[in-house]
Amino acid sequence: MEIKKMFINGKWVDAISGQTRDIINPFNQEVIATVTEGNASDTKAAIAAARKAFDQGDWANAPATERGAIVRRIAELIERDKEELANLESLDTGKTVEESRVDMDDIAGVFRYYAELADKDGGEMIDSPIPNTVSKVVREPVGVCGQITPWNYPLLQASWKLAPALATGNTLIMKPSEITPLTTVKVFELMEEAGVPAGVANLVLGAGHTVGAELSENKNVELISFTGGIETGKKIMQAASVNVKKLALELGGKNPNIVFADADFETAIDQAMNAVFFHAGQICSAGTRLIIEEKVHDKFVAALVERVKNIKLGSGFDEDTQMGPLISREHLEKVENYVETGIREGATLVVGGQRPEDPALQNGFFYLPTIFTDCTSSMSIVQDEAFGPVITVEKFTTEEEAIKLANDSIYGLAGGVWTNDIAKAERCVAKMRMGTVWINDFNLYFPHAPWGGFKQSGIGRELGKLGLEEYTETKHILQNLKPEPINWF
Ligand code: NAD
């Protein structure tokens, strides 16, 4: 089997150590690829290449329209190779091909969006209060950027970082999750084809504690953009503090989904399922904390359980599959422990709570869609991310109580509220402490709007104009048109 290489300074290379890693299909545990396994030495080489490319200045100083054209070309190539990319993503993550196709459309959309924005910010003139001066503000690239992504949406998360970094003239080193690097490798091939110059975009494959740690602490990296778990985020903050690196952190979420009794019942149920069981709950914005008004609680849970029992688990390549496996054995065991904790804490398990018995699924990392009722904020299953197909249900009677429950979390990534009373929805939204709040929807997003978290869900924003600004430094330039001695000294 061909060994997938890293891309450093415009060349496809093996790791200096010669080590490799097998990539596993979570549906059947077969090896689907072998990739080279980099470490700190390879990372240093990639950082040196990115540093040289940035300092040499051709990319940073290229007309923004030229950079935009290359970013647009990447979008076109992703659209050309959409089927291949979608199949690779599904092989690597277990998600359905249908979902992966949607991901690829979204990813091309992200590159297109930032291609369009690349040449739109020509700076700003300031109305200077000092006579005979010209004052302007311009945005410049940050420099060398380290980018670290997770395994749940491998290429989507990479696109949120690659596209704005390239559009604004930075150079970069990308480290995908060691479990799911395949589509990122493929997109680096497409970036090479699109004409991204050597050294501008580098790819290092390998583990977090080697490659990721080096990116986080190396003094030649000026910004670290990370998407992943909160504990890893804290380690990266610590490492980055040594050189006061700029930080962009997209961490976890424990997202409330509030359902009022006056909501459209069938739609709220349908979307409550979608909010969690899509991609087997391995979504940072999954609506895992269902908070239901008492009046409708029992009826809602009963209807939900009936529908959840019918979710079809299987291969992402079967057309009727609705939910694939979890990403790895380790992650499956984590979800199992989480469910055991819920039972110990006194929550009522109403459906799921085990691996499926279907013989066809025994080689995959499958877990049944699971619902706990009688949950309270003091339970760790209500506070901690499961990152799997598990819903906790809490009950409320008043609007104030619903908001209090929703905000009772260290996280603040996203949340939803279901009601036909628009004034009530607006009152709730104004008090919900999250980066994204949906009214009568859950998980809808697009590249034009910013994405990120309040509280411990992160620092900064990706997507939208703010996602572009993350990759820029602001410079104020003041010119004196009539210089004269000050005569102070
Ligand atoms: P993770 O934190 O285990 O790993 C993420 C990345 O960090 C991987 O590439 C990993 O190799 C790397 N890493 C690990 N240790 C490191 C270290 N010491 N230094 C530098 N890098 C290191 O997360 P995961 O399990 O891959 O992904 C799941 C998590 O990601 C969940 O918590 C989820 O909520 C979060 N997530 C957040 C968003 C968002 O937009 N906020 C999106 C997707 C996923």
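Note that the structure is a prediction, hence the values are computed from the model and not measured.
- Asp270 and Arg307 are joined by a salt bridge, as a carboxylate oxygen and a charged side-chain nitrogen come within less than 4.0 angstrom of each other.
- If you check the side chains of Asp262 and Thr419, you find a donor sitting under 3.5 Å from an acceptor.
- Checked for salt-bridge contact, Lys404 and Glu401 miss the test: no charged N lies under 4.0 Å from a carboxylate O.
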Next item on the list: Take Glu79 and Arg112 through the salt bridge (charged side-chain N to carboxylate O under 4.0 Å, His left out) test and state the conclusion after the steps.
Entry: CA-CA 11 Å; Glu79 282 157 355; Arg112 278 192 187 283; 2.7 Å; yes

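- Residues Thr341 and Met379 fail the side-chain proximity criterion, which asks for heavy atoms closer than 4.5 Å.
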Next item on the list: Report the C-alpha separation of Glu473 and Lys246 in whole Å, then their side-chain angles, then the decisive distance to 0.1 Å, and conclude whether the salt bridge (charged side-chain N to carboxylate O under 4.0 Å, His left out) test is met.
Entry: CA-CA 10 Å; Glu473 288 277 19; Lys246 295 197 180 314; 3.4 Å; yes

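- Judged by a 6.0 Å distance limit and a 45° cone about the ring axis, Lys95 is positioned over the six-membered ring of Tyr153.
- Remark: the Asn443 side chain and the Ser285 side chain contain an N/O donor-acceptor pair separated by less than 3.5 Å.
- Each of Tyr338, Trp151, Tyr367 was checked for a ring pair (Phe, Tyr, Trp, His ring centres under 6.0 Å) with Phe387, and the lone residue meeting it is Trp151.
- Within 6.0 Å of the CD atom in Gln238, the count of heavy atoms belonging to other residues, nucleotides or ligands does not exceed 12.
- Dense packing is recorded around OH of Tyr445, with more than 12 heavy atoms of other residues, nucleotides or ligands lying under 6.0 Å away.
- Among the candidates His331, Arg355, Gln354, the single residue satisfying the side-chain hydrogen bond (donor to acceptor under 3.5 Å, both in side chains) test with Glu336 is Arg355.
- A salt bridge does not link Glu217 with Lys245: every distance from a Lys NZ or Arg NE/NH1/NH2 to an Asp or Glu carboxylate oxygen is 4.0 Å or more.
- Of the possible polar contacts, one joining the Arg289 side chain to the Lys254 backbone as a donor-acceptor pair under 3.5 Å is found.
- Atom NZ of Lys465 sits in a sparse spot, with 12 or fewer heavy atoms from other residues, nucleotides or ligands closer than 6.0 Å.
- When only modelled atom types and interatomic distance are considered, Ser90 and Ser100 share a side-chain donor-acceptor pair under 3.5 Å.
- A side-chain contact (heavy atoms from CB on, under 4.5 Å) with Val31 holds for exactly one of Asp22, Ile23, Asn25; it is Asp22.
- Side chains of Lys161 and Thr227: a donor on one and an acceptor on the other come within 3.5 Å.
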